[in-house]
Amino acid sequence: MEKCVVRRAIKEAGTEKIIGYELFFQNDSDDLYAQSESVAADTISDFFMNNSHKIFRDKKIFITLTPSLLFRNIARVFDKDKVVIQIEDNLIVHPLAMPIVKKYYNEGYVFAINDFQFTPKYLSFLEYAEYVRLKVGENLSEQEIKSIENILQMAKGFKKKCVATDLDTKGAYDQALALGMDYLEGAYIAETLTTKAEKITYMQGNFFQLVAAVAKDEPDMVEIEAIVSRDAGLTYAILKLVNSAYFALRRRTASIRQALVTLGIGQLRQWVYMLSFRQDESDGSEEMLKLSFLRANFARDLSQYVSDCPITKTEAYMMGMFSTLNYMVDAPLEELLAEIPINAAIKDALLTGEGGAGKLYQLIICYENADWKKCRVLADDLDVKISILSQTYINCVEEVNSIWDNLTTDFPRPDED
């Protein structure tokens, strides 16, 4: 059976703080939870037995568990401080559900209720839930808005946190904010994570010049050193990067040239966005950088499985990385890409989704958005097996988390006094 899993960020309303991720599962061509209860349980159980160490690292994971999974004690695979168990109708109506939920609750596990309704069966579980999750659309009727407002009022009266889900458009996002939701989740969240720089400032800044310089077919290291050297922020960032645990230099270096030699142009292309990171930036900026790395690594690793891929692995990496550029700068992506000397196939992919590179980019975005049916069509067109797609994503999540930990951690250097 072919399985896919993807995670989606959950953001605190009014801030850029990411409190966790929801895991979405798919089995064959349908939503996994639409399959039989035993199929869903087997699929999720198998996934966690093989991959839980790759997913649970930095934030809480919100996961919907079927009755069978709870009865199998699969929740014990997780650190209770790292998981939120989501319960929905198929568990709430189960005659044996209440005792098992009580047991886990008393052991310190946290619960959320999906798609809460004002009915006795849902209300009976409310005391065990910390979160109430509600779908919010952008064109709600007055009756739907009133119903959500009533649930919100009730939930907050019981000191429960409310999570708005399915926020895939700006309209839905704005509606959730207007309703007073505590947390927000959906495909649109990525567009709200960072405060964009003004284009005129950004295009004149050294960072964008560095982006353009490393994107050239034959980068000039003298030019790159000059760009870094005249910017205190870039100098600090690149030295911090090279002196991190990831590179494990026996001695720290304060030389820009040595730092660039250590990195090499290949590494510098990969880490160019990291150089824009500042310690005083928000959780949202950090999340956007992680998304950039994840898309870049995912594109790079998938490209080797694409039949007659028109771009190299390095170009695929750059495609994933530059896909978030318009989130960082207040300007259209077309305008920004026009000033970067990259392969036309990459520009076409990012702007129109056309060509082999475009299909690869579309596949990455569809997977990210858990659009399983379109994923299958695109994967078939590119001759990429779904099993490869899923495992590659999981491996890239682990790689990004591991790299991020190492890049932000110092380590003992025995050769230094």
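FYI, side chains are in, hydrogens and waters are out, and symmetry mates aren't considered; it's all heavy atoms of this structure. On a predicted model such as this, the values are computed, not experimentally measured, just so you know.
Of the possible donor and acceptor atoms, none in the side chain of Ser402 sits under 3.5 Å from a partner among the backbone N and O of Glu399. Looking at Glu225, its side chain never comes within 3.5 Å of a backbone N or O of Val222 through a donor-acceptor pair. One N or O on the side chain of Ser292 and one on the backbone of Met288 form a donor-acceptor pair closer than 3.5 Å. The main-chain N or O of Met321 is found under 3.5 Å from a side-chain atom of Thr324 such that the two form a donor-acceptor pair. Between the side chain of Asn343 and the backbone N or O of Ala345 there is at least one donor-acceptor pair closer than 3.5 Å. When atom types are taken as modelled, the side chain of Ser147 and the backbone of Glu144 share no donor-acceptor pair closer than 3.5 angstrom. In this structure, Ser303 contributes its side chain and Arg300 its backbone to a donor-acceptor pair below 3.5 Å. With Tyr393 contributing its side chain and Arg7 its backbone, the two residues share a donor-acceptor pair below 3.5 Å. Looking at Arg269, its side chain does come within 3.5 Å of a backbone N or O of Val214 through a donor-acceptor pair. Looking only at distances, no side-chain donor or acceptor of Asp168 sits under 3.5 Å from a matching main-chain atom of Gly186.
By the neighbour-count criterion of 12 heavy atoms within 6.0 Å, atom CD of Gln117 is densely surrounded, having more than that number from other residues, nucleotides or ligands. Around the NZ atom of Lys161, the shell of radius 6.0 Å holds no more than 12 heavy atoms that belong to other residues, nucleotides or ligands. Within a 6.0 Å sphere centred on NZ of Lys80, heavy atoms belonging to other residues, nucleotides or ligands number more than 12. For Phe71, the CZ atom counts as densely surrounded, since its 6.0 Å shell holds more than 12 non-hydrogen atoms of other residues, nucleotides or ligands. Few gaps surround CD on Glu107; more than 12 heavy atoms of other groups in view lie less than 6.0 Å from it. Within 6.0 Å of the CZ atom in Arg257, the count of heavy atoms belonging to other residues, nucleotides or ligands does not exceed 12. Lys156 NZ: more than 12 foreign heavy atoms inside a 6.0 Å radius. The 12-atom threshold is exceeded at NZ of Lys160, counting heavy atoms of other residues, nucleotides or ligands nearer than 6.0 Å.
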**Asked** Would Trp372 and Phe24 count as a side-chain contact (heavy atoms from CB on, under 4.5 Å) if you check the C-alpha gap in whole Å, the side-chain angles of each, and the deciding distance to 0.1 Å?
**Response** CA-CA 10 Å; Trp372 306 128; Phe24 288 84; 4.1 Å; yes
**Prompt:** Can Leu389 and Tyr305 be said to form a side-chain contact (heavy atoms from CB on, under 4.5 Å), step by step?
**Reply:** CA-CA 9 Å; Leu389 182 66; Tyr305 299 107; over 6 Å; no
**Message:** Let's go through Leu91 and Leu65 carefully: what are the C-alpha distance in whole Å and the side-chain angles of both, what is the deciding distance for side-chain contact (heavy atoms from CB on, under 4.5 Å) to 0.1 Å, and is it a yes or a no?
**Reply:** CA-CA 8 Å; Leu91 179 62; Leu65 295 184; over 6 Å; no
**Audit row: Phe322, Leu336, side-chain contact (heavy atoms from CB on, under 4.5 Å) steps and yes/no** = CA-CA 10 Å; Phe322 287 142; Leu336 297 171; over 6 Å; no
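Screening Asp308, Asp380, Asp381 for a salt bridge (charged side-chain N to carboxylate O under 4.0 Å, His left out) with Lys359, the sole residue that qualifies is Asp381. The residue from Asp371, Val6, Val377 that alone fulfils the side-chain contact (heavy atoms from CB on, under 4.5 Å) condition with Cys366 is Asp371.
In this structure the side chain of Leu263 reaches within 4.5 angstrom of the side chain of Ile238, judged on heavy atoms. Thr192 has its side chain out of reach of Glu16: every pair of non-hydrogen atoms, C-beta onward, lies at least 4.5 Å apart. Within the 4.5 Å cutoff, no side-chain heavy atoms of Thr253 are placed close to those of Thr262. Considering only heavy atoms from C-beta on, Gln209 stays 4.5 Å or farther from Glu223 through its side chain. Between Glu185 and Phe62 the shortest side-chain heavy-atom distance does not fall below 4.5 Å. Side-chain contact check for Leu325 versus Phe208: some heavy-atom pair is nearer than 4.5 Å. In this structure the side chain of Leu177 reaches within 4.5 angstrom of the side chain of Leu184, judged on heavy atoms. Here the side chains of Val261 and Met221 are not in contact, with every heavy-atom distance at 4.5 Å or above.
For the atom pair Leu239 CG and Leu260 CG, the distance stands at 9.0 Å (nearest 0.5 Å). Atom CG of Leu70 and atom OH of Tyr104 lie 6.0 Å apart (nearest 0.5 Å). Taking CD from Gln362 and NZ from Lys374, the interatomic distance works out to 5.0 Å, rounded to the nearest 0.5 Å. Rounded to the nearest 0.5 angstrom, Phe116 CZ and Ile87 CD1 are separated by 10.0 Å. Considering CD1 of Ile311 and CG of Asp348, their distance stands at 11.0 Å, rounded to 0.5 Å. For the atom pair CG (Leu350) and CG (Leu333), the distance works out to 6.0 Å, reported to the nearest 0.5 Å.
Using bins of under 30°, 30° to 60° and over 60° for the plane-to-plane angle, the ring pair Tyr188/Tyr173 lands in the tilted bin.
Nearest heavy atom pair, residue Leu302 against residue Ile364, reads CD1-CG1, 4.3 Å. The heavy-atom pair separating Asp182 from Cys162 by the smallest distance is OD2-N, 2.8 Å. Here the shortest heavy-atom pairing between Met181 and Ala164 reads CG-CB, 3.6 Å. The two residues Leu363 and Ala379 make their nearest non-hydrogen contact at CD1-N, 4.1 Å. When every heavy atom of Lys60 is checked against every heavy atom of Val84, the shortest pair comes out as CD-CG2, 4.1 Å. Pro310 approaches Glu315 most closely through the heavy-atom pair O-OE1, 4.5 Å.
Glu287 and Lys59 are not joined by a salt bridge, as no carboxylate oxygen comes within less than 4.0 angstrom of a charged side-chain nitrogen. Contact check on Glu88 versus Arg133 returns no salt bridge, with no Lys/Arg side-chain nitrogen under 4.0 Å from an Asp/Glu carboxylate oxygen.
In summary, the aromatic rings of Phe111 and Phe125 are positioned with their centroids too far apart to meet the 6.0 Å limit.
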